[in-house]
Amino acid sequence: IKPYIERIANEEPSNIILAETVTALTRSSGTSAGQPKLMPLTYSELDRRTYAVGYLKVRFVDGLDQGKRMQLLFVRPEIKAPSGLPMRSILTSYLISKNFEKHESSLHTSPIATILCSDSKQSMYCQMLCALLQRNEVVCVGSVFGSTLVQAIRFFEDYWKELCSNIRRGQLSAWISDTGCINSLSMILNKPNPELADLIEDICNAKSWEGIIKKLWPGTKCIDAIVTGSMAQYIPMLEFYCGGLPLVSKYYASSEGLLGINLKPLSKPCDTCYTLVPNMAYFEFLPVHENNEEERSKKEVIEVVDLVNVKLGQCYELVVTTFIGLYRYKVGDILKVTGYHNNAPQFQFVRRKDAFLSIDSEKTAEDELAEGILQAKLFVGQFQLQLVDYTSAVGISLIPGHCILFWELKMEGSSKSPELSPSIIEECCYIVEQSLNFVYRASRMGNSIGPLEIRMVKHGTFDALMDFSVSKGSSVSQYKTPRCIKLEEALKILNSRVVGRYFSQQLPGYKKLNK
């Protein structure tokens, strides 16, 4: 299918693959081989997804239709294909559509202009300010992904005093320059409100921020954000901040389509399962045996299972045939059958087949990162430097999120930590970024992912990391340095030994599509 999609991107008519006119090309976040996965989008497909999502908007929590939602939503800059078709995320396509304006915009605390602001910092600030000004109307707090909500809390930690100052004076900060944001806030922030400012200050000056979401927005009934799959790493932080509110993952969606809905959205995140929606795509399944996947991939004939024939407890790789021209397409997700709704199988998300590092909704595969590290090792070798070991993590303390690499270097023939030139390590950051996929590089250029960071750690750090793993039950003989760290205790070990921080100083480029 890919060559046909590329032909459409390069000015050939839509009817080479679809009867309908392609209105945009959505960018998939499942890229693993450095090439873009572009999905056609049509008006009818956007409508189909809109109405499927609408099913769960008010049914699962009493009173959710009696107030507004603080739903932090952001657009990403689009890239034009040679044909002129916009290439953008499916969320951006939805947010700029008439569907969102007609069915959703009035339900949110954020005016449309603040959501459509291309400057993510200004957008975040103004959306937070609008939500604080309407705090008594808020019945739901959320974002598409749990990571975005955690980032918003980090952002609020840095800006709550300035936000309170704006509320106290009834004036917007001078650094907000987006015209749409300024005009929207002029209708909401139209007079001083020292009482509200004092209340927010008292909440934020508390010794602990545990449950702060419930304190700031007391009418909140749930947290609406996807916290399954790679987003599960953010559950502990969200539980700390939300004060016992349920974490709701309503649907299972991707650039390929809105594939499933959660019919028990108030269940615990670890119990979340999705019922696939049979009118969104035709679903097939490839059996996956977790301990024998390589052997399965070598078979010439692979058994394909229909939706009605999946087995309880079995894992499968999802295959879809969709209305947008994807035929027997591997989504790349591994799902496990956990039960049934009537006769419809229900699935839990197990893992991405190719995902390794996830920054917000963009995913990076381990082989891409390994290739970038290899090139960087060759580069530092010119300066008699050797890479002892490395691992990675997702940085969410800055807006936008970014990739962090922990590196331990030594001089050739010595175990001592070397004196480092910042320009050398900054160049390494750039070399690694250049190895990552099209989606990552396009997101960097659009400022939805921040510059890659290398944190240099002192000698013996990875020995300490191994000692920690062994103390938790790992075998020394079988120990392998994890290439992506998510465990908080392990991150503390790494961060406590950081001796230098370096960021990429250049934007990675990306190749144009070839005919």
Q: Could you list the residues that satisfy side-chain hydrogen bond (donor to acceptor under 3.5 Å, both in side chains) with Thr42, not counting sequence neighbours?
A: Ser44
**Q.** Sequence neighbours excluded - side-chain hydrogen bond (donor to acceptor under 3.5 Å, both in side chains) pairs with any residue from residues 163-181
**A.** Gln122-Ser177, Tyr125-Asn166, Tyr125-Ser173, Glu162-Ser173, Glu162-Trp175, Ser165-Arg169, Asn166-Ser173, Arg168-Asp198, Arg168-Glu201, Arg169-Gln171
**Q.** Any residue meeting side-chain hydrogen bond (donor to acceptor under 3.5 Å, both in side chains) with Ser97, in chain and number order, not counting sequence neighbours
**A.** none
Q.
Checking side-chain polar atoms at under 3.5 Å, does Thr109 have a donor or acceptor matched by the opposite partner on Gln134?
A. no
Q. With sequence neighbours excluded, what pairs up with Ser504 under the side-chain hydrogen bond (donor to acceptor under 3.5 Å, both in side chains) test?
A. Glu433
Q.
Donor-acceptor pair, distance only, cut-off 3.5 Å: does the side chain of Thr114 make one with the backbone of Ser123?
A. no
Q: For Ser184 and Ala113, work out which heavy atoms get closest and say how close.
A: OG-CB, 3.3 Å
Q) Under 4.5 Å between any side-chain heavy atoms of Val457 and Phe462, yes or no? A) yes
Q. Cut-off 3.5 Å, side chains only: do Tyr329 and Glu256 have a donor facing an acceptor?
A. yes
Q: Output yes when a side-chain donor or acceptor of Thr23 lies under 3.5 Å from a complementary backbone atom of Leu41, and no otherwise.
A: yes
Q. Quick one: do Arg49 and Glu45 make a salt bridge, cutoff under 4.0 Å?
A. yes
(Q) Before we go on, tell me: are the rings of Trp209 and Phe156 under 6.0 Å apart, centre to centre? (A) yes
Q) Is it true that a side-chain atom of Ser249 and a backbone atom of Ala225 form a donor plus acceptor pair closer than 3.5 Å? A) yes
Per-pair distances, 0.1 Å, donor-acceptor, side chain in residues 211-219, under 3.5 Å, sequence neighbours excluded:
unit_1 : atom_1 : unit_2 : atom_2 : d
Lys214 : NZ     : Pro218 : O      : 3.2
Lys214 : NZ     : Thr220 : O      : 3.0
Lys215 : NZ     : Glu210 : O      : 3.3
Trp217 : NE1    : Ala131 : O      : 3.0

Q) So does Arg455 pair up with Glu453, basic N to acidic O under 4.0 Å? A) yes
Q: Determine, for Lys250 against Asp224, whether the closest basic-nitrogen to carboxylate-oxygen distance falls under 4.0 angstrom.
A: yes
Q. For the side chain of Asn495 and the backbone of Leu491, is there at least one donor-acceptor N/O pair under 3.5 Å apart?
A. yes
Q.
Show me the pairs that pass salt bridge (charged side-chain N to carboxylate O under 4.0 Å, His left out) and involve residues 259-273, at least two apart or across chains.
A. none
Q. Ring centroid separation for Phe100 and His108, is it under 6.0 angstrom?
A. yes
(Q) Can you confirm whether more than 12 heavy atoms, excluding those of Tyr43, are under 6.0 Å from its OH atom? (A) no
Q: For Thr228 and Tyr252, test the side chains for any donor-to-acceptor distance below 3.5 angstrom and give the result as yes or no.
A: no
